[in-house]
Amino acid sequence: MSNQTVQNHHEGAYMSIMRGLRELDLRGPCVPSDLVLIGDHSFPLAMNSRGQVLMAASLYACGRIVVLGHEGYLTAFPALVENALTWLRGEGSDNPSVGVHKSVKAVAENLSRSHFQTVVAEAFSTMLGVGVYVTDAYSVGDDPRDLVAFLKAGGGVLIAGQAWSWAAEHPKENTLHLFKGNRVSGVTGIYFSEHPGEVEALPVYPQIPSSWMSIVIGKDFEDDLEFLLQGVSEFTIPNGLLASEVLVHGQLAFPIGTADSGRAFLAGAYYGQGRVIVVTHEGLLQNEAMAPFWNNAIHWLDEGRRGVVGGVLDHALQNLSKAGLKCEKTGFRKDLSVFVCTAYSGDHVEEIQNFVAEGGGLLIGGHAWYWAQTHCGQNPLTDFSGNKILNKMGLSLLGATIPSGTYKTPTPSQAIKDNYHFRHLLHRFASHVTAGEQLSKREEEHLKKLGNDCATYLKMNAHDCCFYNQVVSTLTDILKRSGMPQVSDSCPVNTPKDHLLLNVGTEVYKVCPNPDALLPYLIQHNPLLPVVYNQRIKINAETAKGEEWISTGLYLSPGMKTFVAIPTGIVNKGWQIQIGCQTDQLNAAELKRAPRVHERFPATSEMVQVWNLWGGLIYLVAPPTTKAEGLEVVVQMAVPAPYYKSGVTTASDWSLVRTAPSPWAELEFDNIILTVPSDAVRNLDGPDELAAHWNNIMRAIADLAVIPHKFPRKERFVADVQISHGWMHAGYPIMAHKSTATELVSVEHARTNGLWGPIHELGHNQQRGCWEFPSHTTECTCNLWSVYVHEEVFGINRAKAHPAMTLDNRNSRAKQYAQGDRNLSGWDMWVALETYMQLQEKFGWDAFKKVFAAYHEMSNFPGDNKGKMNLYAETFSQSVGMNLTGFFKAWGWPIETATEQKLSNLPPWSDHPMVQYN
């Protein structure tokens, strides 16, 4: 059953139960319990203006349940009860028998004129042969396992009562697990709480009721933390162990161990009648330093049953056995008291969830960061095996990591007061926006994290979960009330509140039921641009190791939707459609655009609908190692972009297309594609001259690298308003600030002033690990291409290509380095470049070309800097026919005796430039 189908099923169930009702007047003598709902399948039927749930329903396995917050409602609302019984009986059931516990026999009397046949019983028994059973919350017996089994197998249960008076009489007892009614309803994700509900006349809404006020934590967990943290003052994540972050989002979930930033690596939750603890690296289960905590944890999970603890992790079980419980190495079994497992297996997911719901304990360890790194394009929240178990329990393992370190535990009361909790802060932020309540300084500090967590949580796409839909509804309402900040370079975002709104706006737009209605609140200036229809794009691609973007020359406005017709031959072959050229993810205190502004859609059918809140250029993304020729995609509707392609776009074509309305333009040459704001090319008269200019640059880059002139994949430049780090950075695409755009498209600027930065980044993309010595040469050897292109293509001498390259600066660096004991700790960037410049000035560029060519023929390279530096010294020496070991030693390189012996037959370079500093 799909998410949308289940959601529709819940809505259909709600409408069936509330059919014909216009109002529920709850004013009167009955004071109901506020019901706490968890899991994917529980949903409210009646919610007061404070967001308290007073009636609810749920599915469990094959069965159904309706829970009323007071037993008096069984007779006060006969029409509701009849509707509920009809729904509880299930579609297709012809069993008219309803079992009624004698304590609520008035229900049987009310049903005497209905089509139901009632059986009044002393207690529930399968011998009754009924399809639905009605009881109050106090009469389910001390061991209601038969009733739960009946429900699980497909029976219906109508249960009513309140727990606040019981809780008052049992102040130190756990209402969630020990109140009798919860032993049945709690299994299904609905609990009678100790909080009385406020009564009023409630209208019956056409859809499941929702309120931002219902996004509250269902328990304060202070007693749980007191038990779990007894004798525990800190948690240590050892060096070499990288844990995941866990998102604590459930109404009955709570953080236990957190890093300084409030990010949790250890958390617990109630689920049904059972409990769960998750630790975000399985190695911590066998950590001796955490043994006192595991002793507490295993007893908390066992709940006094003193049953068997089972699992497959030997070391963890040895650690846990110190708690005095029997531990067995075993796979999952239903007769265990506590099951211990890792988050890496997808076996028994539903069985484990039911095991916990029916009273078992679950201890699960594992991280999701490695899975996220090795499953690009997949969603850890929905696809990672551990989350298939944990999501329903209100816990989700994330790709984000928690570093090793020692983290103090606060007192339980302080933890309740200060701990970051997704639900609590979302409720507080909603009350801030909706009701004007002031946030504390600590709450404001956590708003940025809340924005990240909301954006992450929304990726769960759990439309079958009532709480998920309440979060979507709440965030939609927040965005409509406050609007999203209209971020730009002239209007940057720098407050925690605006960070949050900007972060969640993108994700809410993707998952809310009516994105078109939300769009004007998110993008306030969204002019209607002229469009073209049914544009045919030819696809020719032959990719190597990396993916390749294929430009279409088309753009989508913010929020604009279109269909792309995909050729049958590439459907489900790893191809994607990308909207947006700016793929950098931002994480800055001040934002000039949203953190993430591109979207990708897998080409899994012959017709794919695509859109992006932020708009963007349309690309086809070809997967690695794929070949496609003569294929064609059709874009139903889009905005034309200024797009020049060498050998295709004529001068007369360009005079028209450069005025195309898209705000982004692309210039595609033989080996590079420049993506710039359209303003940068509106007055560009000579794209053919610019094409020849860039073709010369790219040929020179290939010549120095000793690779074919036709690049296996064209390089890309994108000039953006803000990038993830630096003034520019390498990659695919190379990212640069938008002020660089005019330099990229100006032949005159390059000839006069050079292009040191852009060529530096293109040089980064030519660096190879076998002759790189990180971190020394990371920002150094890429500059070989800068020097080469400036001198060989632009005719700009190295001394004028960059201020750091004047002869005085170069000599000063070399002298200072030599006088500083030639320590490699200072050999990096410009200092390191001088080593290569001295080699170049003695042996010429051809020597470098010979060295790079030699590396192309090698394999099995050393993995450490020392080994790689010796190989480089050897390779360069042999390429120029001279023993250079003395030169490299003069630069502080760790040259080995074996390398010197290998090269001893070559004449030494005895008059090298570093001799003067001896």
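For W164 and H195, the ring centers are positioned 6.0 Å apart or more. Remark: aromatic rings of Y468 and Y457 are close, center separation under 6.0 Å. When ring centroids are compared, F150 and F124 come within the 6.0 Å threshold. Ring-centre distance between H421 and H249: not below the 6.0 Å cut-off.
Under the 4.5 Å side-chain criterion, counting only non-hydrogen atoms from C-beta, L26 is in contact with F77. With contacts defined as side-chain heavy-atom distances shorter than 4.5 Å, the pair H499/L447 does not qualify. No side-chain heavy atom of L88 sits under 4.5 Å from any side-chain heavy atom of V157.
Under the 3.5 Å distance criterion, the side-chain polar atoms of N83 are matched with a main-chain donor or acceptor of R19. Side chain of H101 to main chain of E122: a donor-acceptor pair is present (N/O by atom type, distance under 3.5 Å, no hydrogens or angles). The backbone N or O of L381 sits less than 3.5 Å from a side-chain atom of N391, completing a donor-acceptor pair. With hydrogens and angles ignored, the 3.5 Å screen pairs a side-chain donor or acceptor of R275 with a backbone N or O of W300. Side-chain N or O atoms of Q162 include one that pairs as donor or acceptor with a backbone N or O of S165 at under 3.5 Å. At distances below 3.5 Å, at least one donor-acceptor pair connects side-chain atoms of S58 with backbone N or O atoms of T188. Listed for the E194 side chain is no donor-acceptor partner under 3.5 Å among the backbone atoms of P171. Distance alone, capped at 3.5 Å, places no donor-acceptor pair between the E173 side chain and the A167 backbone. At least one donor-acceptor pair under 3.5 Å links the side chain of Q353 to the backbone N or O of K388. A distance-only check finds a donor-acceptor pair linking the side chain of S125 to the backbone of M127 [under 3.5 Å].
With Y133 as the fixed residue, the side-chain contact (heavy atoms from CB on, under 4.5 Å) test singles out one of L128, V140, V119: L128.
Salt bridge D223/K172: absent, no basic N to carboxylate O contact under 4.0 Å. Using a 4.0 Å cut-off between charged nitrogen and carboxylate oxygen, E358 and K152 count as a salt-bridge pair. One finds a salt bridge joining K180 and D142 here, because a Lys/Arg side-chain nitrogen approaches an Asp/Glu carboxylate oxygen to under 4.0 Å. A salt bridge links E245 with K449: the distance from a Lys NZ or Arg NE/NH1/NH2 to an Asp or Glu carboxylate oxygen falls below 4.0 Å.
Atom CD of E350 has 12 or fewer heavy atoms from other residues, nucleotides or ligands within 6.0 Å. The number of heavy-atom neighbours closer than 6.0 Å to NZ of K561, taken from other residues, nucleotides and ligands shown, is above 12.
Both tests pass for R423 against the ring of F467: distance under 6.0 Å to the centre and angle within 45° of the axis. For K219 and F254, the positive end is not near the middle of the six-membered ring at less than 6.0 Å and at most 45° from its axis.
Taking the six-membered ring where tryptophan is involved, the planes of H432 and F429 are tilted, since the angle between them lies from 30° to 60°.
Y270 and N174 form a side-chain donor-acceptor contact under 3.5 Å, judged by distance and modelled atom types alone. Residues Q251 and Y191 have side chains that never bring a donor and an acceptor to within less than 3.5 angstrom of each other. Judged purely by distance below 3.5 Å, without hydrogens or angles, the side chains of D136 and S139 pair a donor atom with an acceptor atom. Side chain to side chain, D477 and W212 fail the donor-acceptor criterion of an N or O pair below 3.5 Å. A donor atom on one side chain and an acceptor atom on the other are not found under 3.5 Å apart for S396 and N387.
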Going through the distances and angles, do E109 and T118 end up as a side-chain contact (heavy atoms from CB on, under 4.5 Å)?
CA-CA 9 Å; E109 294 164 9; T118 57; over 6 Å; no

| message | Run the side-chain contact (heavy atoms from CB on, under 4.5 Å) test on L21 and L80 for me, step by step, so that the C-alpha distance in whole Å, both residues' side-chain angles and the decisive distance to 0.1 Å come before the verdict. | response | CA-CA 8 Å; L21 300 170; L80 172 66; 3.9 Å; yes

Please evaluate residues E303 and H177 with respect to the criterion side-chain hydrogen bond (donor to acceptor under 3.5 Å, both in side chains), reporting the C-alpha separation (whole Å), side-chain torsions for both, the decisive distance (0.1 Å), and the verdict.
CA-CA 10 Å; E303 293 194 71; H177 276 192; 2.9 Å; yes

Go through the steps to decide whether V98 and V134 satisfy the test side-chain contact (heavy atoms from CB on, under 4.5 Å), and finish with yes or no.
CA-CA 7 Å; V98 175; V134 184; 3.7 Å; yes

*Check the pair L24 / L45 against side-chain contact (heavy atoms from CB on, under 4.5 Å), numbers first and verdict last.*
CA-CA 10 Å; L24 294 173; L45 299 172; over 6 Å; no

Distance-only donor-acceptor pairs under 3.5 Å for side chains of residues 199-209, two or more places apart:
unit_1: E200; atom_1: OE1; unit_2: S49; atom_2: OG; d: 3.3
unit_1: E200; atom_1: OE2; unit_2: S49; atom_2: N; d: 3.3
unit_1: E200; atom_1: OE2; unit_2: S49; atom_2: OG; d: 3.0

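Between F192 atom CZ and N182 atom CG the span is 6.5 Å, to the nearest 0.5 Å. Taken to the nearest 0.5 Å, the OG1 atom of T86 stands 10.0 Å off from the CD1 atom of I17. Here OG of S211 is found 7.5 Å from CD of Q470. Values are rounded to the nearest 0.5 Å. Taken to the nearest 0.5 Å, the CG atom of N461 stands 7.0 Å off from the OG1 atom of T382. Put simply, CG on L158 and CG on L74 are 5.5 Å apart, with the number rounded to the nearest 0.5 Å. The CG atom of L613 sits 9.0 Å away from the NZ atom of K510 when rounded to the nearest 0.5 Å.
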